[in-house]
Amino acid sequence: MARHLITSALPYINGIKHLGNMVGSMLPADVYSRYLRQRGHEVLYICATDEHGTPAELAAKEQGLPVDEFCAQAHDAQKAVYDGFALAFDYFGRSSSEQNVEITQHFARRLNENGFIEERAIRQVYSPTDGRFLPDRYVEGTCPHCGYDKARGDQCENCTRVLDPTDLINPRSAISGSTDLEVRETKHLFLLQSKLQHEVEEWVSRHEDDWPQLASSIARKWLNEGLHDRAITRDLDWGVPVPSDTWPELAAEGKVFYVWFDAPIEYIGATKEWADLDPENRDWKSWWYDVDTDVRYTEFMAKDNVPFHTVMFPATELGVREPWKKVDYVKAFNWLTYYGGKFSTSQKRGVFTDQALDILPADYWRYFLIANAPESDDSSFTWEHFTATVNKDLADTLGNFVNRVLSFSKKRFGEEVPAGGEPGEAEAKLGEEIARLLAEYESQMEALQFRKAAAALRALWSAGNSYLEEKAPWLEIKTDKDGAALTLRTAMNLIHLYAVVSEPFIPATSAAMRQAFAVKDDTATWITADEARALTALTPGTPFTVPPVLFAKLTDEDLETYKERFGGEPTA
């Protein structure tokens with residue numbers, strides 16, 4: 001079996017993330033990781049909070065906390081939400097860790113030794129009101145490309161164009177709001193990406209045909225426009241310090257590395273954090289450094305993060321001239337919108353992950369988000385769509401099937417799986433259909449096509465309902481008690497199959513379905529095609545209990561309550 005290294009884009013530390021952030025990186029990475037583990041692969045799923053840069057400083061200032069204290073609290077708060085969503089990270093680290101500082105500084109030194117870093121004097125925005133240079137995100141204004149009036153100095157949130165603070169129209173300080181800004185000279189380190197253009201192009205060309213079109217097209221767009229040398233240091237109080245042994249003057253001035261330089265390196269740093277917890281049994285370099293070809297590295301991210309992971313970070317790794325593992329597959333997502341408008345952390349628009357868990361258990365959200373993942377285009381969250389999906393797929397198709405099979409069997413045959421007669425034509429037909437749908441589900445999961453995988457899973461659930469309607473054990477029992485028992489035993493075996501194969505999507509519900517049956521040594525991690533055809537994992541006499549309702553149907557009153565709390569059409 002292969003070894004799979006999986007990372008999802010690091011969530012910024014400045015507040016709890018919204019549903020769009022969840023479905024664009026961490027949740028699909030978790031679903032894929034869970035699936036691979038079930039299939040017997042060795043998996044390492046790494047993520048971390050992205051704690052450097054202006055978002056951290058601004059958020060800490062807003063709360064009146066020292067930035068290190070704010071980041072520690074915010075990390076724990078975010079991790080609690082991700083635990084609530086049952087995200088099964090192998091490790092969830094922090095980009096402010098000693099490990100990331102060490103590795104980031106190592107990368108910088110090596111890039112410098114290889115001639116890919118240059119110190120340059122530049123003109124930068126300075127705020128007399130604030131008494132400091134303003135790094136890119138400390139400057140806000142109107143985007144010169146799309147006219148968005150809340151663009152930041154590094155990137156426009158609306159059109160995703162990369163910017164410099166001096167590009168903005170009507171710029172203002174994000175700290176004080178002052179428009180009294182000057183441009184002064186200061187020194188910074190530049191990564192000479194222009195010298196690495198050809199190498200990055202060659203590397204991308206070897207991979208882009210395998211990537212989703214979204215990822216490859218964004219990477220190619222950046223390369224076609226030409227890679228520009230980019231400043232990788234900032235005037236901030238918080239970040240990975242420029243090492244004094246290499247750049248003593250800049251270190252004395254308190255320069256730190258640009259967050260987009262150290263954040264991708266934190267994938268490596270977090271892996272070392274994980275390994276350092278148990279160094280005798282964990283080898284972080286076996287995943288990242290001079291690795292064998294059996295390590296397959298998959299990254300998950302929304303489209304605004306794609307340029308940094310397909311161009312900038314690979315350029316960094318190439319320039320280091322050391323055998324660091326580079327990504328094999330970039331799973332990029334479009335945006336999940338809220339009634340056609342953008343979810344926005346900064347503007348608090350849309351449903352945020354902690355709020356979602358306050359409303360309903362995680363499996364409601366996990367299923368809906370993955371079943372409607374914005375893979376080929378942006379997709380829209382509406383409460384109407386959410387309610388309809390929960391009621392149709394989760395409550396009616398899966399939940400009702402489980403409840404009526406177990407409740408009816410308990411009522412007529414007691415609390416053990418009934419024996420009944422031998423399987424007949426209907427069971428053989430069902431077995432073939434289940435094996436076919438399971439193969440389709442596996443195929444789509446292997447291809448990281450999450451919406452199609454969800455459709456195949458839904459079809460598996462629907463097949464059970466079709467079988468039940470065809471056999472109608474509530475009528476069958478009147479004339480053929482053994483036949484009804486066979487029908488219910490087969491349906492219970494379907495429930496057990498659903499419990500196993502649905503786990504990547506709805507882990508808590510899968511556990512509840514599995515725990516309904518008192519199966520000794522139930523260690524099945526997946527279902528083979530032959531097992532799917534036979535549907536005999538549960539033997540007659542196996543005790544069972546009827547679990548609580550798996551998914552409650554959402555009412556019109558629920559819908560109106562949600563819309564009143566969060567709004568329908570987003571305000572401009």
Side-chain angles (χ1 to χ4, degrees), residues 19 22-23 27 31 84-86 336 338-339 350-373 379-411 451 453-470 472-474 488 491-492 494-499 501-516 544-568:
L19 294 182
M22 176 65 70
V23 73
L27 180 55
V31 170
F85 268 87
L336 178 71
Y338 183 72
Y339 283 88
V351 185
F352 287 74
T353 49
D354 57 343
Q355 298 168 329
L357 295 177
D358 283 341
I359 297 170
L360 291 165
D363 281 1
Y364 289 73
W365 301 103
R366 288 178 63 102
Y367 176 79
F368 173 83
L369 291 172
I370 293 297
N372 297 280
S379 60
S380 178
F381 176 92
T382 69
W383 287 109
E384 291 82 359
H385 187 201
F386 176 74
T387 300
T389 300
V390 166
N391 288 347
K392 180 180 178 183
D393 294 356
L394 297 178
D396 289 345
T397 304
L398 177 61
N400 187 49
F401 176 79
V402 173
N403 183 264
R404 63 176 175 162
V405 166
L406 297 182
S407 296
F408 184 72
S409 189
K410 176 183 177 180
K411 179 179 180 181
R451 292 180 73 143
L457 181 60
R458 185 188 311 119
L460 277 166
W461 299 341
S462 295
N465 284 277
S466 297
Y467 169 75
L468 207 62
E469 291 300 319
E470 177 186 348
W474 49 89
L488 293 169
M492 289 186 195
L494 270 178
I495 294 171
H496 182 267
L497 180 145
Y498 296 161
V501 303
S502 302
E503 193 264 350
F505 281 71
I506 47 174
T509 305
S510 291
M513 288 191 285
R514 198 157 181 161
Q515 291 163 8
F544 73 88
T545 57
V546 182
V549 174
L550 298 181
F551 295 99
K553 293 194 74 168
L554 303 181
T555 66
D556 290 343
E557 183 178 352
D558 292 326
L559 174 61
E560 292 307 313
T561 298
Y562 301 150
K563 291 183 67 175
E564 181 178 354
R565 176 175 174 182
F566 296 98

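Basis for what follows: all heavy atoms, side chains included, without hydrogens, waters or symmetry-related copies. Because the structure is a prediction, the values reported are computed rather than measured.
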Quickly, which of F566, Y562, W365, Y338 forms a ring pair (Phe, Tyr, Trp, His ring centres under 6.0 Å) with F386? Name it, please.
W365
Report the residues that fulfil side-chain contact (heavy atoms from CB on, under 4.5 Å) with P361, sequence neighbours left out, ordered by chain and then residue number.
Y364
Under the side chain to side chain donor-acceptor pair (under 3.5 Å) test, residues paired with S462 that sit two or more places apart:
none
Residues in salt bridge (Lys or Arg N to Asp or Glu O under 4.0 Å) contact with E384, at least two apart in sequence or another chain
K563
Do Y339 and W383 have their ring centres less than 6.0 Å from each other?
no
Name all residues meeting the side chain to side chain donor-acceptor pair (under 3.5 Å) criterion together with K392; count only those two or more places apart in sequence or in a different chain, and write none if there are none.
none
Find out whether L398 and V402 are in side-chain contact, i.e. whether some heavy atom of one side chain is under 4.5 Å from a heavy atom of the other.
yes
List the steps and the verdict of side chain to side chain contact (heavy atoms under 4.5 Å, CB included) for T555 and D558.
CA-CA 5 Å; T555 66; D558 292 326; 3.2 Å; yes
Kindly indicate whether the side chain of Y367, heavy atoms from C-beta on, has any atom under 4.5 Å from the side chain of T389.
yes
Can you sort out the partners of I370 under side-chain contact (heavy atoms from CB on, under 4.5 Å), two or more places apart, ordered by chain and number?
L27, P28, V31, F450, F505
If you round to the nearest 0.5 Å, how far is OG1 of T397 from CG of N465?
6.0 Å
With sequence neighbours left out, which residue pairs that include part of residues 393-402 fulfil the salt bridge (charged side-chain N to carboxylate O under 4.0 Å, His left out) condition?
D393-R458, D396-K553
Sort and list the pairs that fulfil salt bridge (charged side-chain N to carboxylate O under 4.0 Å, His left out) and have at least one residue in residues 350-371, not counting sequence neighbours.
D30-R366
Residues passing the side chain to side chain donor-acceptor pair (under 3.5 Å) test with Y467, sequence neighbours excluded, are E427
Sequence neighbours excluded - ring pair (Phe, Tyr, Trp, His ring centres under 6.0 Å) pairs with any residue from residues 391-410:
F401-Y498
For S502, which residues count as a side chain to side chain donor-acceptor pair (under 3.5 Å) partner, sequence neighbours excluded?
W461
Contacts of V546 meeting side-chain contact (heavy atoms from CB on, under 4.5 Å) (sequence neighbours excluded), chain-then-number -> N403, L406, S407, K410, F544
Over all atoms of both residues, closest heavy-atom pair of L369 and M22
CD1-CG, 4.2 Å
CZ (R565) and CD (Q355) are apart, to the nearest 0.5 Å, by 5.5 Å
Test of understanding: with salt bridge (Lys or Arg N to Asp or Glu O under 4.0 Å), list the residues that count as partners of E469, not counting sequence neighbours.
R404
Can you find a heavy atom in the side chain of L394 that is under 4.5 Å from one in the side chain of T509?
no
